[in-house]
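Let me begin by presenting the structure, written as structure tokens, before commenting on it.
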Amino acid sequence: MADRTLTIAMNGVTGRMGRSQHLERSIMAIRDQGGVETSHGEVMLEPILVGRNRERLAELARRFSLERWTTDLTSVLADPEVDIYFDSQRTDLRADAAIAAISAGKTIYCEKPLAETADVAHDLAARARSAGVKNGVVQDKLFLPGLLKLKGLIDEGFFGRILDVRIDFGYWVFEGHDQPAQRPSWNYRAEEGGSIILDMFPHWQYVIEGLFGPIESVSALGVTHIPTRYEDGEPYQATADDAAYGMMTLASGAIVQVSSSWVTRVNRDDLVIFQVDGVEGSAVAGLRDCKVQPRSDTPRPVWNPDIPNPHDFRSQWTEVRAGEQFDNGFKLQWEQFVRHVVDDEPFPWDFASAARGSDLVDAAMTSWRERRWVDLAS
């Protein structure tokens with residue numbers, strides 16, 4: 001039996017990410033394992049499902065054998081038994097709910113982006129700091145097996161001086177007329193918080209700065225490649241960017257190139273690929289795997305289009321830490337946040353760190369709008 005229970009109001013878990021990664025693969029998985037181990041003993045997590053759709057909430061509660069669900073966020077936040085407020089709603093709904101949770105004195109944990117603009121994100125960070133409430137933001141990609149392996153290479157000095165980083169992310173999201181779309185329509189409506197820059201650049205900020213150091217400047221271009229999409233058979237106008245192309249300079253002197261797209265077909269090893277080139281070697285990491293090519297094993301290809309390519313380039317890379325097992329990244333960060341709440345362990349991914357991601361979004365949007373490089377504050 002657990003030594004303590006934390007009650008978590010989970011708002012927005014009827015959506016795909018909230019349901020699969022946070023409720024099912026994190027909270028329910030932690031319950032199944034008997035709780036989170038802390039210095040105060042095992043801590044069990046008790047979720048209350050919160051949302052706007054009664055039918056979907058009731059169905060989700062039945063699916064996971066949960067008794068408590070509600071559409072009344074105000075009453076949940078007023079409940080003294082609720083310890084943590086978690087938010088995975090649409091981005092445009094997050095700030096008001098976060099302000100209400102802070103005002104209620106709740107510990108708060110949010111999906112990213114924290115807010116639609118940097119000003120609002122910094123305001124939320126200031127409010128949480130002033131209220132003295134513990135706070136955190138999901139930064140799950142730092143816990144991906146592929147990036148954990150990449151971080152190990154960086155820490156051991158495998159690359160020498162890092163020269164450049166290339167991030168290639170995306171897949172084809174169907175328009176919704178001949179096949180169902182894999183993403184909700186609000187992703188393509190700017191007025192509802194949609195935008196691939198707003199969605200993905202906060203991820204790129206914490207990955208890049210968490211692994212390679214501070215971003216100094218950004219140049220970005222957003223595009224709405226497909227202007228008409230469909231929902232329930234009816235066309236609607238896409239007002240948000242569905243692809244973004246960016247470059248960033250780092251304080252170290254390294255250059256980052258980022259391609260983010262919901263209109264590309266995958267011809268790579270994974271849905272996202274990180275390639276890092278250094279003087280002493282290179283690495284390619286996906287969601288789970290990581291391959292390297294050290295300087296000593298680097299081939300000497302010669303440009304000659306008149307003969308078949310003699311190199312099998314993919315075979316010239318060596319997988320690192322093959323077969324090593326890693327737990328779900330969302331679950332790992334939830335466990336760290338619980339230990340932050342119970343044991344006061346350090347948790348660096350707070351609202352202030354998330355506001356840095358919003359700074360990058362604002363800078364990228366300004367760059368796109370004004371067609372220029374934009375510097376980020378240090």
### Sequence neighbours excluded, every pair satisfying ring pair (Phe, Tyr, Trp, His ring centres under 6.0 Å) that has a member inside residues 31-77
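Listed by first then second residue: nothing to list.
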
### Task
Go through the structure and list residues passing side-chain contact (heavy atoms from CB on, under 4.5 Å) with Leu221, not counting sequence neighbours.
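Applying side-chain contact (heavy atoms from CB on, under 4.5 Å) to Leu221 gives Val223, Trp368, Arg371.
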
### Task
State which residues pass side-chain contact (heavy atoms from CB on, under 4.5 Å) with Gln275; sequence neighbours excluded, sorted by chain then number.
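Partners of Gln275 under the side-chain contact (heavy atoms from CB on, under 4.5 Å) test: Arg166, Asp277, Val284, Trp317.
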
Please check if any side-chain donor atom of [X] sits under 3.5 Å from a side-chain acceptor atom of [Y], or the reverse.
X      : Y      : answer
His22  : Glu111 : yes
Thr5   : Glu46  : no
Asp242 : Thr224 : no
Glu335 : Gln33  : yes
Arg16  : Ser20  : no
Asp241 : His225 : no
Gln21  : Asn328 : yes
Trp172 : Ser261 : no

Nearest heavy-atom pair of [X] and [Y]: which atoms, and what distance?
X      : Y      : answer
Ala97  : Gln89  : CB-NE2, 3.6 Å
Ser75  : Thr70  : OG-OG1, 4.5 Å
Ala115 : Ala121 : CB-N, 3.7 Å
Ser39  : Asp343 : OG-OD1, 2.6 Å
Gly170 : Thr264 : C-CG2, 3.7 Å
His340 : Pro346 : ND1-C, 4.3 Å

Side-chain donor/acceptor of [X] to backbone N/O of [Y], under 3.5 Å:
X      : Y      : result
Asp362 : Ala118 : yes
Ser219 : Met247 : no
Ser130 : Ala126 : no

### Query
Between Asp350, Asp344, Asp83, which is the residue that forms a salt bridge (charged side-chain N to carboxylate O under 4.0 Å, His left out) with Lys134?
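Running salt bridge (charged side-chain N to carboxylate O under 4.0 Å, His left out) over Asp350, Asp344, Asp83 with Lys134 returns exactly one hit, Asp344.
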
I'd like to know if [Y] and [X] are part of one continuous hydrophobic network [Ile/Leu/Val/Met/Phe/Trp/Tyr, side-chain heavy atoms within less than 4.5 Å].
X      : Y      : result
Leu114 : Ile215 : no
Leu73  : Val133 : yes
Trp262 : Met365 : yes
Met200 : Trp186 : no
Val138 : Ile208 : yes

### Task
Take Thr117 and Ser358 through the test side chain to side chain contact (heavy atoms under 4.5 Å, CB included) and record every step on the way to the result.
CA-CA 6 Å; Thr117 67; Ser358 296; over 6 Å; no

#### Entry: CG-CD1 distance between Leu6 and Ile30, expressed to the nearest 0.5 angstrom
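Here the interatomic distance stands at 10.5 Å.
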
[atom1]/[X]: more than 12 non-hydrogen atoms of other groups inside 6.0 Å:
X      : atom1 : value
Arg268 : CZ    : yes
Glu370 : CD    : yes
Glu81  : CD    : no
Glu37  : CD    : no

### Query
Does the side chain to side chain contact (heavy atoms under 4.5 Å, CB included) test come out yes or no for Tyr85 and Ile102, once each step is laid out?
CA-CA 9 Å; Tyr85 171 72; Ile102 292 168; over 6 Å; no

Within the structure provided, determine whether [X] and [Y] are in side-chain contact (heavy-atom separation under 4.5 Å).
X      : Y      : answer
Ile154 : Leu211 : yes
Val13  : Ile27  : no
Asp3   : Val43  : no
Thr318 : Gln293 : no
Ile108 : Ile84  : no
Val82  : Ile48  : yes
Phe159 : Glu280 : no
Glu216 : Trp373 : no

### Query
Is the shortest side-chain N to carboxylate O distance from Arg25 to Asp327 below 4.0 Å?
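Asp327 and Arg25: not salt-bridged.
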
### Query
Between Asp199 and Lys112, is there a salt bridge with N-O shorter than 4.0 Å?
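Salt bridge absent between Lys112 and Asp199.
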
### Check against side chain to side chain donor-acceptor pair (under 3.5 Å), Ser185 and Glu231
CA-CA 7 Å; Ser185 62; Glu231 184 175 33; 3.0 Å; yes

### Query
Would Glu192 and Leu93 satisfy side chain to side chain contact (heavy atoms under 4.5 Å, CB included), going step by step from the backbone distance to the final call?
CA-CA 9 Å; Glu192 294 183 6; Leu93 302 176; over 6 Å; no

### Check against side chain to side chain donor-acceptor pair (under 3.5 Å), Thr366 and Arg369
CA-CA 5 Å; Thr366 299; Arg369 183 173 59 251; 3.3 Å; yes

### Test salt bridge (charged side-chain N to carboxylate O under 4.0 Å, His left out) applied to Arg19 and Glu24, step by step
CA-CA 6 Å; Arg19 180 186 66 253; Glu24 180 175 5; 5.7 Å; no

### Message
I'd like to know whether Val338 forms a side chain to side chain contact (heavy atoms under 4.5 Å, CB included) with Met44, so could you lay out the CA-CA distance, the side-chain angles of the two residues, the decisive distance to 0.1 Å, and finally the verdict.
### Response
CA-CA 10 Å; Val338 169; Met44 182 56 74; over 6 Å; no

Kindly list each side-chain donor-acceptor pair under 3.5 angstrom involving residues 141-152, sequence neighbours excluded, with atom names and distances?
unit_1 : atom_1 : unit_2 : atom_2 : d
Lys149 : NZ     : Arg288 : O      : 3.0
Lys151 : NZ     : Asp155 : OD1    : 3.0
Lys151 : NZ     : Asp155 : OD2    : 2.9

#### Entry: cation_pi(Arg265, Tyr171) dist<6.0 Å, angle<=45
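Geometry flag: not set, cation outside 6.0 Å or 45°.
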
When the side chains of residues 297-306 are checked against the rest of the protein, which donor-acceptor pairs come out under 3.5 Å, sequence neighbours left out?
unit_1 : atom_1 : unit_2 : atom_2 : d
Thr298 : OG1    : Pro294 : O      : 2.9
Thr298 : OG1    : Arg295 : O      : 3.4
Asn304 : OD1    : Asp306 : N      : 3.1

#### Entry: Tyr109: partners by ring pair (Phe, Tyr, Trp, His ring centres under 6.0 Å), with sequence neighbours left out
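Result, ring pair (Phe, Tyr, Trp, His ring centres under 6.0 Å) vs Tyr109: Phe86, Trp334, Phe337.
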
### Query
Aromatic ring centroids of Trp349 and Phe347 under 6.0 Å?
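Yes - the distance between ring centres of Trp349 and Phe347 falls below the 6.0 Å cut-off.
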
